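Encoded as structure tokens, the structure appears first; notes follow it.
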Amino acid sequence: MSLKNHFSGLQYDRFARVGSREPIPQNDIRVIQKRCVEVDDDLRWLVALISDTGMRLAEATGLLVEDIRLDPEVPFVSLQSYPWRPLKTKGSKRDIPLG
């Protein structure tokens with residue numbers, strides 16, 4: 001059985017009718033974060049983490065407990081590559097302050 005890649009040869013003009021994306025308003029983010037705390041389940045905490053840190057979804061879901069460092073004066077999340085979750089770019093390896 002062979003599988004055909006339906007996207008092979010696809011041409012995409014990045015400049016054709018491309019509009020700019022506006023950031024989500026800060027007030028909307030705060031409302032979402034508040035609801036995340038109220039619902040208090042894993043998915044909502046994930047949304048809150050992403051909205052607070054700017055992490056990519058794959059980065060946040062691949063974290064280990066040890067990656068969250070709460071003992072330093074400024075707590076932070078240490079993003080690093082793992083076999084189950086490589087980072088998108090070399091620059092993606094970083095420490096994100098939580099304070």
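This structure is a prediction, so every number in the text was calculated from the model and none was measured. Start at 1 with the first residue, then count along the sequence.
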Handout entry: Side-chain donor-acceptor pair present, D67, S78, cut-off under 3.5 Å
Key = no
Practice task
Please tell me if the side chains of D95 and L79 come closer than 4.5 Å, counting only heavy atoms from C-beta onward.
Solution key: no
Exercise for the section: Would you please test E59 and K93 for salt bridge (charged side-chain N to carboxylate O under 4.0 Å, His left out) and show each step? Expected result: CA-CA 10 Å; E59 292 171 338; K93 181 179 179 178; over 6 Å; no
Fill in the blank from the handout: Taking every heavy atom of S81 against every heavy atom of P86, the minimum-distance pair comes out as OG-CA, 3.4 Å
Exercise for the section: Assess whether side chain to side chain donor-acceptor pair (under 3.5 Å) is satisfied between T61 and R85, documenting all intermediate values. Expected result: CA-CA 9 Å; T61 57; R85 190 234 31 233; over 6 Å; no
Practice task
Identify the two heavy atoms, one from L46 and one from A60, that lie closest to each other, and give their separation to 0.1 Å.
Solution key: CD1-CB, 3.5 Å
Problem - Cluster overlap W45 with I68, hydrophobic side-chain contacts below 4.5 Å - result: no
Practice task
Output every pair passing ring pair (Phe, Tyr, Trp, His ring centres under 6.0 Å) with a member in residues 50-82, not counting sequence neighbours, ordered by first then second residue.
Solution key: Y82-W84
Problem - Contact check, side chains of R44 and R35, non-hydrogen atoms, under 4.5 Å - result: no
Practice task
Identify whether L64 and L49 are in the same connected component of the hydrophobic contact network (ILVMFWY, side-chain heavy atoms under 4.5 Å).
Solution key: no
Practice task
Compare all side-chain heavy atoms of D52 with those of I29 and state whether any distance is below 4.5 angstrom.
Solution key: no
Problem - I24 atom CD1, neighbour heavy-atom count above 12 within 6.0 Å - result: no
Problem - Any donor-acceptor N/O pair, R94 side chain to G91 backbone, under 3.5 Å - result: no
Handout entry: Within-4.5 Å side-chain heavy-atom neighbours: V74 and L98
Key = no
Handout entry: Spatial distance of atom OG (S51) from atom CD (Q26) [nearest 0.5 Å]
Key = 9.0 Å
Exercise for the section: I would like to know whether I50 and R56 meet side-chain contact (heavy atoms from CB on, under 4.5 Å); could you show each step before the answer? Expected result: CA-CA 7 Å; I50 291 169; R56 296 177 181 97; over 6 Å; no
Problem - Heavy atoms from other residues, nucleotides or ligands near CG of D42 exceed 12 (cutoff 6.0 Å) - result: no
Exercise for the section: Using a cut-off of 6.0 Å, state whether more than 12 heavy atoms not belonging to N27 lie near its atom CG. Expected result: no
